[in-house]
Amino acid sequence: MTKNIKLALLAMLFILPFGLKAQDMPDGNSNERPKFQAVPDSLAADSLGLGDSLVSRPKVMRLLTRAYGDSIVLRWATEDAGLWITAKDYGWMIFRSTASDKSSQYAVDKYGDTIPYVALNGGKPLMPLSLEEMQQRFDSTDFYAGVAAQALYGQFQYNVNESMPKANADFMTLAAKQYQEQTQRHFMAMLAAECSPRVAEAIALRFVDRDVKPGEYYEYMVQAMIPPQLAEIEDPEVVILNIPYERGEDEMIPEVDVTQIDANRAVVRWEKNKLSGYWLDRKDDKDSNWVTLNPKAPIWPMLPDSATRVIYGDSIAQWMENEVLFFDSLDLTRTYTYRVRAFDAFGDQVKAREAKPYKLTDFTPPAPPYVGEIIPIDNRICPIHWLKPEIEDDLKGYMVMFSTNLEGPWKNVSGMLPKDATSYTDSNAYERGRGFYRVFVADTAGNVNFSPSMNNNIEDITPPASPRGLNYLADDSTGLVLLWWNPNTDADLLAYKVYFANQRDHEFIELTPGYIQDTFFFDSVDISMLARDCFYYVIAVDQNHNYSQPSDTLRVLLPDLLPPGVCVLDGVTQDYDTITITWRASVSEDVAAYYVYRKPRPAVNWECIAKIMPDQVDKKGLIHFGDRPEASIHPYSYCIEVRDSATNSSGMAGFAVAMVDPDNTVKMDINLKASYKKNNAILTWKISEQPRKDYYGVVYRKDGDGSFQDIGTFSRKDSAFIDANAPANTKCSYYIVLQLGRGRHSSPSNTVTVKTK
């Protein structure tokens with residue numbers, strides 16, 4: 001009993017691949033695990049009176065199938081403990097259906113409904129073996145049979161219905177304990193069924209159908225025979241093709257890695273997949289016999305919890321998210337080989353996989369040295385002496401390190417010294433300034449240890465570095481200026497001072513009579529003065545009151561309240577669809593952009609249609625803007641606004657008016673001529689003024705007294721057209737029209753006539 005309870009508590013830490021998680025469950029056609037929706041509330045909790053009712057929510061089962069050709073194996077499990085505990089008293093019905101079964105045979109389910117299935121197991125519910133039957137079938141040494149028997153038939157310690165009348169106990173506490181005990185028993189049963197196919201059959205969680213034919217599809221349904229008034233259950237169904245199961249790559253043992261985590265321990269790890277449990281064997285170069293490291297129970301995939309991160313750290317907790325881990329203590333002098341064996345949810349064994357031979361790396365550092373008091377010579381040179389009572393065999397040498405901070409970071413100032421060294425003189429101690437020394441010791445394996453820190457006793461007369469990154473923001477309305485800069489990295493920094501001048505070549509005055517520890521400063525300037533800028537710099541002060549050189553001088557631009565000069569209209573030109581407006585640019589030096597506005601005469605609001613940058617102004621100081629608005633019976637009004645770098649606006653100016661005629665026909669003088677030669681009508685034409693933009697032409701013909709029809713087109717470069725399809729012995733008339741784009745076309749040419757033969 002004690003051993004079984006320990007296993008059950010251990011099982012609560014595991015994620016059982018079949019019984020306890022619903023993700024990564026493919027459908028039954030692939031002979032793998034189907035997906036099922038998780039149930040938020042368990043029957044166990046409802047049966048304790050914690051839920052609304054026993055039938056308030058459907059309960060979920062999971063069903064796995066695997067085909068072997070001569071048989072099909074079914075494995076199923078319940079989502080929660082209460083459903084499993086209740087179902088063991090009613091059993092399970094196994095239904096099967098094929099195409100032929102549905103046309104001729106039917107069964108009756110627990111609801112009394114006729115279903116197109118055949119009831120297996122002789123039409124009787126599949127029940128767990130009784131305790132006496134389990135004792136007869138299994139040997140007393142069968143560990144998993146004992147676990148399952150304890151889970152099924154062990155006496156419950158907590159029972160709300162029996163205990164409440166006998167004791168004035170807190171109901172919720174007692175109910176929680178009963179729920180926890182039921183959950184532990186559920187874990188025990190699922191664990192035992194996962195490890196042993198015989199036990200899974202004994203507790204009615206596995207069924208083998210041998211009355212099957214190879215190559216045929218079968219549909220199975222497992223139904224818990226719990227009366228409907230007690231629980232509503234979603235009965236799982238799976239369709240499977242009976243062909244011999246072939247193990248996929250994701251069901252093999254992945255590559256096995258070994259990683260050292262401290263001086264004497266390593267972790268053996270491999271990726272999680274669809275396998276259930278694992279056995280880990282080990283041998284070494286001094287004993288070639290395999291020894292199983294977990295003989296009592298398989299290794300199960302685990303997920304990290306808060307305790308895992310506290311004990312092992314974030315790196316190992318991250319491994320546990322996706323990998324199976326086993327921690328092992330090793331001898332530094334031996335080389336080890338590991339072998340992983342595994343089984344899946346159907347109890348099938350998987351081919352073992354070996355890891356590469358592995359040997360621990362020496363992580364044990366040498367003993368630290370002890371440093372004596374450091375007395376500088378002329379405040380410039382520091383001799384450092386140390387003592388190391390224990391000299392290891394693999395000692396490599398020493399390194400003298402320096403830092404301005406007691407906790408580092410440390411800089412190597414000596415290089416690697418021989419293992420018999422006991423002193424070092426730092427000739428650059430004054431340049432390093434006040435700080436600390438440590439003597440580091442290393443062995444041939446790269447392990448390092450170090451002495452306690454020792455003050456170098458150098459007097460600090462070195463100023464701190466100049467502040468860097470000085471920048472500002474200014475409020476145009478109030479004259480408030482915010483300065484900020486990067487923090488100095490000097491270890492002995494005390495504070496900063498800020499200085500100001502109206503001009504760069506004037507004497508700077510201190511704005512901070514005392515010190516400021518912040519890396520920002522507020523100042524206020526008079527925005528009514530005519531000056532456009534002022535200047536600041538910052539110095540740093542260390543704890544020995546050494547002053548740094550000034551930072552770079554910062555120029556602060558004062559608020560610009562004057563609007564830029566306006567643009568003046570220079571002229572307006574237009575053709576039939578394009579309006580070109582020219583303005584003289586603003587004379588202001590700080591122009592940021594020009595904005596062009598347009599509106600048709602009846603409109604109230606202006607629309608900004610273009611932004612023109614100062615570099616688009618030509619060398620004569622003119623702004624040229626072209627627009628092609630929609631044709632309209634109303635004229636268009638235009639204006640331009642100037643904005644400077646301070647976002648001041650000149651206002652709208654340079655007003656202009658232009659109009660695009662809505663008539664789509666452009667009057668043009670086109671002289672068309674026609675002749676007839678060699679059974680072809682030949683047209684030629686001349687256009688008095690060629691359109692400036694590209695166009696194409698359309699040729700129209702009328703045969704006799706008929707109507708004109710378009711018979712072809714020509715391009716801008718053409719000046720003749722040959723009609724080879726003119727009907728014989730007919731009087732044919734022709735004219736042409738130019739298509740000018742944007743819906744416009746020319747007026748027709750003159751009409752010409754030829755007599756065909």
Side-chain angles (χ1 to χ4, degrees), residues 1-16 18-22 38-62 76-92 127-131 134 144-194 199 202-205 224-234 300 303 305 307:
M1 174 67 178
T2 303
K3 185 176 184 181
N4 290 344
I5 291 178
K6 288 182 178 178
L7 180 60
L9 294 174
L10 181 63
M12 294 181 66
L13 300 176
F14 296 142
I15 299 180
L16 301 184
F18 173 64
L20 299 179
K21 69 177 182 179
V39 177
D41 299 291
S42 70
L43 181 60
D46 287 337
S47 65
L48 295 175
L50 303 179
D52 297 331
S53 69
L54 289 177
V55 295
S56 60
R57 299 174 181 88
K59 305 301 175 183
V60 175
M61 294 165 49
R62 303 182 203 158
W76 60 90
T78 60
E79 278 278 336
D80 56 53
L83 180 60
W84 170 72
I85 291 172
T86 306
K88 73 181 179 62
D89 296 326
Y90 295 95
W92 315 84
M127 304 290 292
L129 296 181
S130 66
L131 180 59
M134 293 190 70
Y144 297 111
V147 171
Q150 175 66 32
L152 277 169
Y153 300 112
Q155 183 177 357
F156 280 91
Q157 185 176 358
Y158 301 100
N159 189 305
V160 172
N161 296 327
E162 293 181 3
S163 301
M164 285 299 295
K166 298 178 182 179
N168 189 22
D170 178 70
F171 174 79
M172 294 304 297
T173 300
L174 188 60
K177 290 182 177 180
Q178 178 175 333
Y179 172 70
Q180 183 180 20
E181 183 179 11
Q182 290 180 349
T183 302
Q184 290 177 357
R185 288 175 181 260
H186 184 232
F187 270 106
M188 291 166 62
M190 298 303 107
L191 177 76
E194 198 84 3
V199 171
I203 63 176
L205 293 179
M225 298 307 291
I226 300 173
Q229 61 269 28
L230 292 182
E232 180 183 350
I233 305 169
E234 294 181 359
W300 300 98
L303 284 176
D305 55 15

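All values below come from the heavy atoms of this structure, side chains included, with hydrogens, waters and symmetry mates left out. Quick caveat: nothing in here was measured; it's all calculated off a predicted structure.
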Measuring from atom [atom1] of [X] to atom [atom2] of [Y], what distance do you get when rounded to the nearest 0.5 angstrom?
X    : Y    : atom1 : atom2 : result
M61  : D80  : CE    : CG    : 11.5 Å
M190 : H186 : CE    : NE2   : 4.0 Å
Q150 : M134 : CD    : CE    : 11.0 Å
L205 : E194 : CG    : CD    : 10.5 Å

Fill in: Closest contact, heavy atoms only, A192 versus V199
CB-CG1, 3.9 Å
Discussion item. Minimum heavy-atom separation for A224 and W92, please, with both atom names.
Written reply: CB-CZ3, 3.5 Å
Counterpart residues, side-chain contact (heavy atoms from CB on, under 4.5 Å), relative to [X] (two or more places apart):
X    : result
I85  : K88, F156, Q182
A151 : W84, R185, M188, A189
Y90  : T86, M225, I226, P227, L230

Fill in: Check: Q157 side chain, E181 main-chain N or O, donor-acceptor pair, under 3.5 Å
no
